[in-house]
K.L.:
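What follows is a structure written as structure tokens; I'll ask about it next.
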Amino acid sequence: QVQLVESGGGLVQAGDSVRLSCSASGRTISNYVMGWFRQAPGKEREFVATIGWSGSRPYYADSVKARFTISRDSTKNTVYLQMNSLKPEDTAVYYCGARRLGIVSTSAADYDYWGQGTQVTVSS
């Protein structure tokens, strides 16, 4: 089992930057695909970014490309999401997911473990 805990969310202004962290315990996640998803009120959970094991093949949703960066630190068993130039439409609960097998995926159904989420609110 893998336990994931997200942190770093909060209330920020448009244009600000925030770094989210996803700390894993129970197992090393070095050979897991990791992803960030978000869910706004009344909307489906949507893909944000994913990264392969050993940091390979990062992939982003078009809406965040060039603004967000996903990275991982195997020594800390942690994945990060650096979010720059935040917009009000980025407001959502952000979730970290871990996928045991396969390649990077933009589908939430492919992920086996999830954290509880962290709220990011961007004011205009």
Side-chain angles (χ1 to χ4, degrees):
Q1 288 286 338
V2 174
Q3 292 80 44
L4 302 173
V5 177
E6 302 94 337
S7 61
L11 174 62
V12 298
Q13 293 189 331
D16 284 352
S17 297
V18 168
R19 188 178 79 159
L20 304 182
S21 299
C22 172
S23 297
S25 61
R27 285 187 183 180
T28 176
I29 57 170
S30 60
N31 57 346
Y32 282 63
V33 169
M34 301 300 295
W36 284 97
F37 290 73
R38 66 188 181 186
Q39 188 166 17
K43 294 188 176 181
E44 297 284 321
R45 188 170 297 192
E46 67 171 359
F47 165 74
V48 175
T50 182
I51 189 168
W53 46 275
S54 76
S56 62
R57 305 182 68 177
Y59 185 76
Y60 301 92
D62 287 343
S63 59
V64 307
K65 201 173 294 184
R67 297 189 299 124
F68 291 10
T69 303
I70 187 172
S71 61
R72 62 193 305 163
D73 186 339
S74 60
T75 65
K76 298 181 178 179
N77 221 29
T78 299
V79 176
Y80 303 97
L81 185 68
Q82 177 67 44
M83 305 189 295
N84 299 329
S85 302
L86 282 162
K87 304 175 181 180
E89 51 263 44
D90 294 319
T91 294
V93 177
Y94 284 72
Y95 297 92
C96 170
R99 185 185 189 198
R100 285 175 299 176
L101 301 172
I103 60 175
V104 294
S105 173
T106 63
S107 173
D110 288 336
Y111 289 76
D112 303 291
Y113 304 102
W114 292 94
Q116 82 292 346
T118 184
Q119 176 73 46
V120 174
T121 303
V122 185
S123 64
S124 57

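Residue numbers run from 1 in the order of the sequence given.
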K.L.:
Who passes ring pair (Phe, Tyr, Trp, His ring centres under 6.0 Å) against Tyr60, sequence neighbours left out?
P.N.:
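Expected list: none.
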
K.L.:
Between OG of Ser23 and CD of Gln3, what distance do you get to the nearest 0.5 Å?
P.N.:
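So the gap between those two atoms works out to 12.0 Å.
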
K.L.:
Contact between Val33 and Tyr111 at the side-chain level, heavy atoms closer than 4.5 Å - yes or no?
P.N.:
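They are in contact (side-chain heavy atoms under 4.5 Å apart), so the answer is yes.
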
K.L.:
Pair Val93, Arg38 - check side chain to side chain contact (heavy atoms under 4.5 Å, CB included), show working.
P.N.:
CA-CA 5 Å; Val93 177; Arg38 66 188 181 186; over 6 Å; no

K.L.:
Using the side-chain hydrogen bond (donor to acceptor under 3.5 Å, both in side chains) criterion, which residues pair with Ser21? Sequence neighbours excluded.
P.N.:
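Listed in chain order: nothing, the list is empty.
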
K.L.:
How about Leu86 and Val18: do any of their side-chain heavy atoms sit closer than 4.5 Å?
P.N.:
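The answer is yes; the side chains approach within 4.5 Å.
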
K.L.:
Is there a side chain to side chain contact (heavy atoms under 4.5 Å, CB included) between Ile70 and Tyr80? Walk through the geometry before answering.
P.N.:
CA-CA 6 Å; Ile70 187 172; Tyr80 303 97; over 6 Å; no

K.L.:
Could you tell me whether the side chain of Gln116 reaches within less than 4.5 Å of the side chain of Glu6, counting heavy atoms only?
P.N.:
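Result yes, sub-4.5 Å side-chain heavy-atom pair found.
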
K.L.:
Quick check on the 6.0 Å ring-centre criterion: do Trp114 and Phe37 meet it?
P.N.:
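Yes, the ring of Trp114 comes within the 6.0 Å limit of the ring of Phe37, centre to centre.
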
K.L.:
State which residues pass side-chain hydrogen bond (donor to acceptor under 3.5 Å, both in side chains) with Gln82; sequence neighbours excluded, sorted by chain then number.
P.N.:
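If we apply the side-chain hydrogen bond (donor to acceptor under 3.5 Å, both in side chains) test to Gln82, skipping adjacent residues, the hits are Asn84.
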
K.L.:
Just wondering, do Arg72 and Met34 contact through their side chains at under 4.5 Å, heavy atoms?
P.N.:
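Yes - at least one pair of side-chain heavy atoms lies under 4.5 Å apart.
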
K.L.:
Flag the pair Asp90 and Lys87 as a salt bridge only when some basic side-chain nitrogen lies within less than 4.0 angstrom of an acidic carboxylate oxygen.
P.N.:
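Looking at Asp90 and Lys87, the cut-off is not met.
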
K.L.:
List in chain and number order the residues that pass side-chain hydrogen bond (donor to acceptor under 3.5 Å, both in side chains) with Arg19, two or more places apart in sequence or in another chain; answer none if no residue qualifies.
P.N.:
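For Arg19 there are no side-chain hydrogen bond (donor to acceptor under 3.5 Å, both in side chains) partners, ignoring immediate neighbours.
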
K.L.:
Hey, mind stepping through Ser30 and Thr28 against side-chain hydrogen bond (donor to acceptor under 3.5 Å, both in side chains) and telling me if it holds?
P.N.:
CA-CA 6 Å; Ser30 60; Thr28 176; 3.2 Å; yes

K.L.:
Given side chains that start at C-beta, do those of Tyr113 and Arg100 come closer than 4.5 Å, heavy atoms only?
P.N.:
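Yes; the side chains approach each other to less than 4.5 Å.
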
K.L.:
A quick test of your reading: do over 12 heavy atoms of other residues, nucleotides or ligands sit less than 6.0 Å from NZ of Lys65?
P.N.:
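Counting other residues, nucleotides and ligands, NZ of Lys65 exceeds 12 neighbours.
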
K.L.:
Decide side chain to side chain contact (heavy atoms under 4.5 Å, CB included) for Tyr59 and Phe47; before the verdict, give the C-alpha distance in whole Å, the side-chain angles of both, and the deciding distance to 0.1 Å.
P.N.:
CA-CA 10 Å; Tyr59 185 76; Phe47 165 74; 3.8 Å; yes

K.L.:
Before you tell me yes or no, could you show the steps for Leu20 and Thr118 under side chain to side chain contact (heavy atoms under 4.5 Å, CB included), namely the whole-Å CA-CA distance, both residues' side-chain angles and the distance that decides it to 0.1 Å?
P.N.:
CA-CA 8 Å; Leu20 304 182; Thr118 184; 4.0 Å; yes

K.L.:
Show the nearest heavy-atom pair for residues Ala40 and Ala92, with the distance to one decimal.
P.N.:
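It is N-CB, 3.9 Å.
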
K.L.:
Between atom CH2 of Trp36 and atom OH of Tyr95, what is the distance when rounded to the nearest 0.5 Å?
P.N.:
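So the CH2 of Trp36 and the OH of Tyr95 are separated by 12.0 Å.
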
K.L.:
Go through the structure and list residues passing side-chain hydrogen bond (donor to acceptor under 3.5 Å, both in side chains) with Asn77, not counting sequence neighbours.
P.N.:
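Checked Asn77 against side-chain hydrogen bond (donor to acceptor under 3.5 Å, both in side chains); zero matches.
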
K.L.:
Are any non-hydrogen side-chain atoms of Val2 and Ile29 less than 4.5 angstrom apart?
P.N.:
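Yes, close enough: below the 4.5 Å cut-off.
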
K.L.:
Do you know the tightest heavy-atom contact between Ala24 and Leu4?
P.N.:
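Taking every non-hydrogen atom into account, CB-CD2, 3.7 Å.
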
K.L.:
Just wondering, do Arg67 and Ser17 contact through their side chains at under 4.5 Å, heavy atoms?
P.N.:
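Not in contact.
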
K.L.:
Just wondering, do Thr91 and Val120 contact through their side chains at under 4.5 Å, heavy atoms?
P.N.:
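No; the side chains remain at least 4.5 Å from each other.
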
K.L.:
Examine distances only and state if a side-chain atom of Ser107 and a backbone atom of Ser105 form a donor-acceptor pair shorter than 3.5 Å.
P.N.:
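Flag not set: sc Ser107 to bb Ser105 has no pair under 3.5 Å.
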
K.L.:
Filter on disulfide (SG to SG under 2.5 Å), then keep only pairs touching residues 82-124, sequence neighbours left out; what's left?
P.N.:
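Matches after skipping sequence neighbours: Cys22-Cys96.
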
K.L.:
Which heavy-atom pair separates Leu81 from Ala49 by the least distance, and what is that distance?
P.N.:
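For Leu81 versus Ala49, the nearest heavy atoms are CD1-CB, 4.2 Å.
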
